[in-house]
Amino acid sequence: MKLPSEFISKYQHLLGDEAPAFLAAFDQESQSGFRVNLLKAAPKATLATATGKVEYVPTGYRGPINGKSLDHVAGAIYSQEPSAMYVGEVVDPQPGERVLDLCAAPGGKTTHLVAKMGDQGLLVANEIFRKRALVLAENLERWGTRSTVVTNESPAELEGQFPRFFDRILVDAPCSGEGMFRKEPAGIEYWNPDYPAECANRQRKILASALKMLKPGGTLVYSTCTFAPEEDEQNAAWLLEEYPDLTMEEVKKYPGMDAGRPDWADGNPELTKAVRLFPHHLQGEGHFIAKFKLTANDGATPVKVRTKKKRGKKRPANNRLDRDHQAEFKEFCQWFMPDYQPNHLLTFGDQLYDLPAGIDSLDGLTVLRPGLHLGTFKKRRFEPALAWALTLRPGMTDREISLTDDQWRQYVHGDVITAASDQQNGWYLLTCQGLACGFGKLVNGTVKNFYPKGLRF
Ligand SMILES: C[S@@+](CC[C@H](N)C(=O)[O-])C[C@H]1O[C@@H](n2cnc3c(N)ncnc32)[C@H](O)[C@@H]1O
């Protein structure tokens with residue numbers, strides 16, 4: 001791999017004797033892996049092709065995945081390289097907590113966090129760029145979650161909405177990406193000797209916003225996929241210096257992981273509590289992870305937040321259901337899942353969502369996914385959404401049709417499927433190999449296909 005000469009000399013200077021092994025790693029193959037979704041049935045076929053286990057992530061495996069397999073399309077796995085998987089373990093969110101993933105697209109860490117939370121509590125997944133936020137929302141739909149809201153805001157705008165609100169915040173920061181050069185060589189073109197410092201400045205602004213949203217006693221995890229000390233130890237040192245209420249938490253080092261380097265910042269020995277993942281020391285790409293705790297005392301520095309001006313931005317009308325819609329949804333539930341307990345139903349145009357607990361209003365926010373998308377109100381009927389199906393497990397409803405592998409292929413292709421004719425006409429959850437795949441409407445022995453046209457293949 002052709003690396004910039006200033007990059008080579010920088011790391012020769014920083015790493016000394018270790019530099020040749022570090023630089024040689026750029027010519028080795030990048031690592032692939034996947035995580036298993038504990039919210040769903042085991043992805044047996046993909047597990048059978050795994051080439052190994054990721055030692056430090058209980059749900060992590062090595063090896064490539066097939067993006068068109070049932071396991072992937074039904075959200076039972078997420079493709080993620082092994083080093084990136086450690087971030088979610090370090091955040092370690094618990095069921096019932098309020099968690100913010102501030103720089104979340106395309107959703108590798110978000111999917112990990114929500115699974116660790118058992119989909120219980122509130123997870124706000126935010127992404128500043130709309131196109132990337134749409135991909136994030138789609139990945140979360142496949143993963144299957146009720147407890148996640150996707151917002152499309154800058155950190156500065158978000159801070160006004162959630163002062164001192166979250167138990168845990170992840171800042172998986174936009175960075176110079178040096179640790180991903182093997183995987184995404186195009187990133188090398190952006191690199192110049194000043195780039196890490198530019199990224200570091202942007203990261204400080206993001207961190208400052210994040211801290212305004214952290215509860216006293218809460219934890220902040222800061223991660224990058226770069227080796228640059230400016231963005232790693234020097235930003236961790238800046239946080240400790242700038243925010244006396246923050247302390248560093250030890251991040252566990254598994255074999256092959258390195259401690260943070262105080263000598264690459266201001267010499268503060270606390271920085272060894274952070275972790276560095278170097279490709280020449282372990283089988284994964286380059287990462288840096290630091291964990292901080294905000295003192296739980298009442299005297300925590302009060303926050304000054306900027307409240308966003310609401311200038312005609314698209315946001316959900318926090319509409320309650322009118323009587324007709326209430327009746328249509330009730331009728332659907334009576335047929336499909338009489339014991340479904342919504343948390344907070346709201347409509348967004350003709351779309352019905354179930355807002356997670358822990359958040360009362362989305363006013364003032366640009367929201368792409370206000371919780372679980374349950375379906376669409378059509379003329380005098382309710383049509384359930386794929387997102388809802390993907391949160392369900394076989395056995396949660398009596399209205400279930402189990403597809404063979406061949407029928408599943410017909411389904412994702414958009415074909416009509418023939419089913420046993422002794423079942424009543426109506427909506428059914430379609431499953432295959434224990435995984436929910438979508439909704440189908442049975443009409444006289446034929447299952448009408450409602451798999452979204454844009455997803456068919
Ligand atoms: C390292 S990526 C996040 C990867 C993601 N956490 C995952 O695991 O899939 C950083 C993200 O920060 C976003 N970003 C870029 N500039 C930003 C800014 N000024 N403030 C907040 N986020 C920004 C990028 O669009 C990108 O999606």
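Sequence positions, counted from 1, serve as the residue numbers for this chain. One-based numbering, in listed order, for ligands and for the atoms of each. What you see below is based on every heavy atom in this structure, not just the backbone, and it leaves out hydrogens, waters and symmetry mates.
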Between Tyr190 and Phe181, does the ring centroid distance fall short of 6.0 Å? no
I need the contact type for Lys205 against ligand 1. Using non-hydrogen atoms and a strict under-4.0 Å cut-off, is it side chain, backbone, both or neither? neither
Which residue and heavy atom of the protein sit nearest atom 5 (C) of ligand 1, plus the separation: Ala105 O, 3.2 Å
For Arg168, is there an ion pair with Glu97 - N to carboxylate O distance below 4.0 angstrom? yes
Is the closest heavy atom of Pro106 to ligand 1 under 4.0 Å? yes
Suppose we measure from atom 12 (O) of ligand 1 to each protein heavy atom; which comes out shortest, and what is that distance? Cys103 CB, 3.4 Å
A cation-pi test, strictly: NZ or CZ of Arg98 under 6.0 Å from the centre of the six-membered ring of Phe165 and no more than 45 degrees from its axis. Yes or no? yes
Which residue holds the protein heavy atom closest to atom 23 (C) of ligand 1, what is that atom called, and what is the gap in Å? Ile128 CG2, 3.4 Å
Would the distance check show the side chain of Glu231 and the main-chain N or O of Ser176 forming a donor-acceptor pair, the cut-off being under 3.5 Å? yes
Sub-4.0 Å heavy-atom approach of Gly177 to ligand 1: no
Centroid separation under 6.0 Å, is that true for the rings of Phe227 and Phe22? yes
Pull out every atom of ligand 1 sitting under 4.0 Å from any heavy atom of Glu127, numbered as shown with elements. 11 (C), 13 (C), 24 (C), 25 (O), 26 (C), 27 (O)
Check whether Arg142 reaches the backbone of Ala74 with its side chain - one donor and one acceptor, N or O, closer than 3.5 Å. no
Considering heavy atoms of the protein only, find what lies nearest to atom 6 (N) of ligand 1 and give residue, atom and distance to 0.1 Å. Asp172 OD2, 2.7 Å
With a cut-off of 6.0 Å (strictly less than), are more than 12 heavy atoms of other residues, nucleotides or ligands near CD of Glu198? yes
Compute the shortest N/O to N/O distance between Gly107 and ligand 1 and return yes if it is under 3.5 Å, no if not. yes
Looking only at protein heavy atoms, what sits closest to atom 19 (N) of ligand 1 is Arg202 CD, 3.6 Å
To the nearest 0.1 Å, how far is atom 7 (C) of ligand 1 from its closest protein heavy atom, and which atom is that? Gly108 N, 3.5 Å
Tell me yes or no: between the side chains of Glu89 and His112, is some donor less than 3.5 Å from an acceptor? yes
Of Ala104, Pro155, Cys199, Ala173, the residue with the heavy atom nearest atom 1 (C) of ligand 1 is Ala173
Checking Gln80 side chain against Phe34 main chain: does a donor-acceptor pair fall under 3.5 Å? no
Nearest non-hydrogen protein atom to atom 16 (N) of ligand 1, with distance, is Pro174 CG, 3.7 Å
Nearest protein heavy atom with distance in Å, relative to atom 18 (C) of ligand 1: Ile206 CD1, 3.6 Å
Under 4.0 Å, heavy-atom basis, I'd like to know which part of Lys109 is in contact with ligand 1: side chain, backbone, both or neither. both
State whether a side-chain donor-acceptor pair under 3.5 Å links Ser83 with Glu285. no
